[in-house]
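Worksheet: one structure, shown below.
Just so we're clear, the structure is a prediction, and the values are computed from it rather than from any experiment. Here is the naming used below: chain letters follow the sequence lines, and residue numbers restart at 1 for every chain.
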Amino acid sequence: MSTSPRYRFAPSPTGYFHVGGARTALYNWLLALKNNGTFVLRIEDTDESRNEPQWTQGIIDALAWIGIDSKDSHFEGPYFQSTYAAEHVAAAHKLFESGNAYYCDQTSEQIQERAKAAGLNGYDGFSRDRKLGPGLGHVLRFRVPEGKTIVHDTVRGAVEFDNTTIEDFVLLRSNGTPVFLIANVVDDITMNITHVVRAEEHLPNTPKQQMLWEALGHQPPVWAHVPVLVNEQRKKLSKRRDKVAVEQYREEGILPEAMINYLMTLGWAPSGDTEIVPLQQIQDEFRLEDVNHSPAFFDIKKLQAFNGEYIRLMTPERFIAAANEVLTSAAATWPAEQYKPELFAAMASLVQTRVVVMAEVVAMVDFLFLEEPPIDEAAFTKSFSSDFAQPTLTEIAEAFERIDWNVESIKAAVEEVGARHDVKLGKLQGPLRIAITGRPVGPPLFEPIELLGRQESLRRIRAALVRATA
RNA sequence: GCCCCCAUCGUCUAGUGGCCUAGGACACCACCCUUUCAAGGUGGCGGCACGGGUUCGAAUCCCGUUGGGGGUGCCA
């Protein structure tokens, strides 16, 4: 047996990838890299639901997105729990033969009734000494020994469980199939897992699993239970209420670097005064011992702040490339053939500091590629309600007809009109902006006006003037 | 109900008995810069849940209270 640590990540395929799972995966991955160990991916597909291949692919893709590369030498798998069903059953039988497990014919109704009568709850060990064999309607239960079980957890220290509080749990269902508790342990044993790093919700399972490891004749692994991620109401993030799909964040343009960095600051922090740090530093500094003990709120606002920061950190070339991907995707609101990459490239730097997620670039520049940009009615009305709106815009149009067509003269021309009417540029550009872009806010105006060209700019201004008088 | 975990600004955290008048980040507010909006700069607001101990000294250690969370399946 090798001495290099073996970590594992064991998601069940549910069709999407949960951000909490992403964090757990990241912890395991970083630890594997840092300690020159192995990251084992095991798909826990034993739930009746048949193994949908695309779900597994979804998990692999999502992992790849956060930098967990299945081609990397530290990566092993994916394994599928369902393929080890025979081993799980065999282990359960072994436990029966060694006297660590026994069959029980009690239905949950019977168990509940007796518990109620005794004023207790849970299964009371009724069948412990009835020497039942396997049979129809019989489940196999683990015989929980007397005493205490102490779980040594890297995050939490020693956690003590009195075995009397742990009921004789089921290993094999009455239909003979193994339950998670044993399947998980048997797989970890056969895959030589040395470190189990998972979410806190599994902590109550751990004494049971530790007993299984021992009853099966093995040294339990190093356990580490990291706090769960919660929503604003401080409840565990759930698919129903919360936005938890990694894929969704990817689609709206959260950068993987930002997601990784943000996830790693939940329950842990890198040294120094800034949380935005290179992944290498995180890998070097991360220790399970330093992970916080309390649940962390998954704050989308802060994620976005991280993302904005990462967007601004991109080189212009990278930003343009990333934006092009979005602008040519289904997210684009214009006909594909009207997209002109060189037009976007010319004003990319003006957009870069103004978006928080990549998806926002579409609305930032749509007026360049849309023949008739939709007009924000409320903003239009408000903008054209001033006395100066129409006269100044008319004069701007006149000036636009004769000036040299470049940013400097465009700006100068507009300023000149402003000076004549004693209106500051800040106010003056309102109607012009709406006329050109359809929106009250956006990137600086004169660059796109130049890009749009004299003819088109004039057309839009005149259309707006007509609209204003209508 | 029972078992387990947890408790520092609104949020994420730094802090491991004296460097704490508690540091940083996000959010928020103000000002500067500015063609809107951002970005950037400067400043501000804001916290050790409570009560007892231990100690010369406690955010840090102990006990209790309160509050939150997780688990209590023939789900994983």
Quiz item: Less than 3.5 Å between a donor and an acceptor, one on the side chain of Asp299(A) and one on the base of A27(B), is that the case here?
Solution: no
Exercise. Looking at every strand, decide which applies to Pro443(A) at a 4.0 Å heavy-atom threshold: base, sugar-phosphate, or nothing.
Key: base
Practice problem: Return the nucleotide paired to U60(B): Watson-Crick means purine N1 to pyrimidine N3 with N6-O4 or O6-N4, wobble means G-U with N1-O2 and O6-N3, both under 3.5 Å. | Solution: none
Quiz prompt | Donor-acceptor pair under 3.5 Å, Thr165(A) side chain vs C2(B) base | solution = no
Quiz item: Which is true for Gln106(A) with a 4.0 Å heavy-atom rule: it touches a base, it touches only sugar-phosphate, or it touches nothing?
Solution: base
Quiz item: Which nucleotide, in any strand shown, forms a Watson-Crick or G-U wobble pair with G43(B), with both distances under 3.5 Å?
Solution: C29(B)
Quiz item: What is the distance from CD1 of Ile166(A) to P of C2(B), rounded to the nearest Å?
Solution: 17 Å
Quiz item: Does the A25(B) base have a donor-acceptor partner in the side chain of Lys302(A) within less than 3.5 Å?
Solution: yes
Quiz item: Would you say a side-chain N or O of Arg173(A) is under 4.0 Å from OP1 or OP2 of A76(B)?
Solution: yes
Quiz item: Is it the case that more than 12 heavy atoms not belonging to Lys243(A) sit under 6.0 Å from its NZ atom?
Solution: yes
Self-check item: G-U wobble or Watson-Crick pairing nucleotide for A7(B) (cut-off 3.5 Å, both distances)
Solution: U66(B)
Quiz item: If you take atom types as modelled and just measure distance, does the side chain of Glu275(A) reach the base of G24(B) with a donor-acceptor pair under 3.5 Å?
Solution: yes
Exercise. Determine the contact category for Lys424(A): base if any of its heavy atoms lies under 4.0 Å from a base atom, sugar-phosphate if only primed atoms, P, OP1 or OP2 are that close, otherwise nothing.
Key: nothing
Quiz item: What integer distance in Å separates Phe298(A):CZ from C26(B):C1'?
Solution: 14 Å
Quiz item: Watson-Crick or G-U wobble partner for C19(B), using a 3.5 Å limit on both distances?
Solution: none
Quiz prompt | Given RNA chain B, 5'-ward residue of the pair Glu447(A) and Gly137(A), judged by closest heavy atom | solution = Glu447(A)
Practice problem: Provide, to the nearest angstrom, the distance between the NE2 atom belonging to His293(A) and the C1' atom belonging to U60(B). | Solution: 14 Å
Practice problem: Determine the contact category for Thr353(A): base if any of its heavy atoms lies under 4.0 Å from a base atom, sugar-phosphate if only primed atoms, P, OP1 or OP2 are that close, otherwise nothing. | Solution: base
Quiz item: How about Glu146(A): does its CD atom have over 12 heavy atoms from other parts shown lying under 6.0 Å from it?
Solution: no
Quiz item: Choosing from G71(B), U35(B), C6(B), which nucleotide comes nearest the side chain of Arg156(A)?
Solution: C6(B)
Quiz item: Considering only heavy atoms and no angle criterion, is a donor-acceptor pair shorter than 3.5 Å present between the side chain of Arg354(A) and the base of U36(B)?
Solution: yes
Quiz item: Where does the angle between the aromatic ring planes of Phe298(A) and Tyr262(A) fall among parallel (under 30°), tilted (30 to 60°) and perpendicular (over 60°)?
Solution: perpendicular
Quiz item: Is any side-chain N or O of Arg312(A) closer than 4.0 Å to OP1 or OP2 of G40(B)?
Solution: yes
Quiz item: If only side-chain N and O atoms of Lys235(A) are considered, is one of them under 4.0 Å from the OP1 or OP2 phosphate oxygen of G69(B)?
Solution: yes
Practice problem: Please state the C1' separation for the pair U42(B) and C33(B) - nearest whole angstrom. | Solution: 11 Å
Quiz prompt | Interatomic distance where CG belongs to Asn292(A) and P belongs to G68(B) [whole Å] | solution = 20 Å
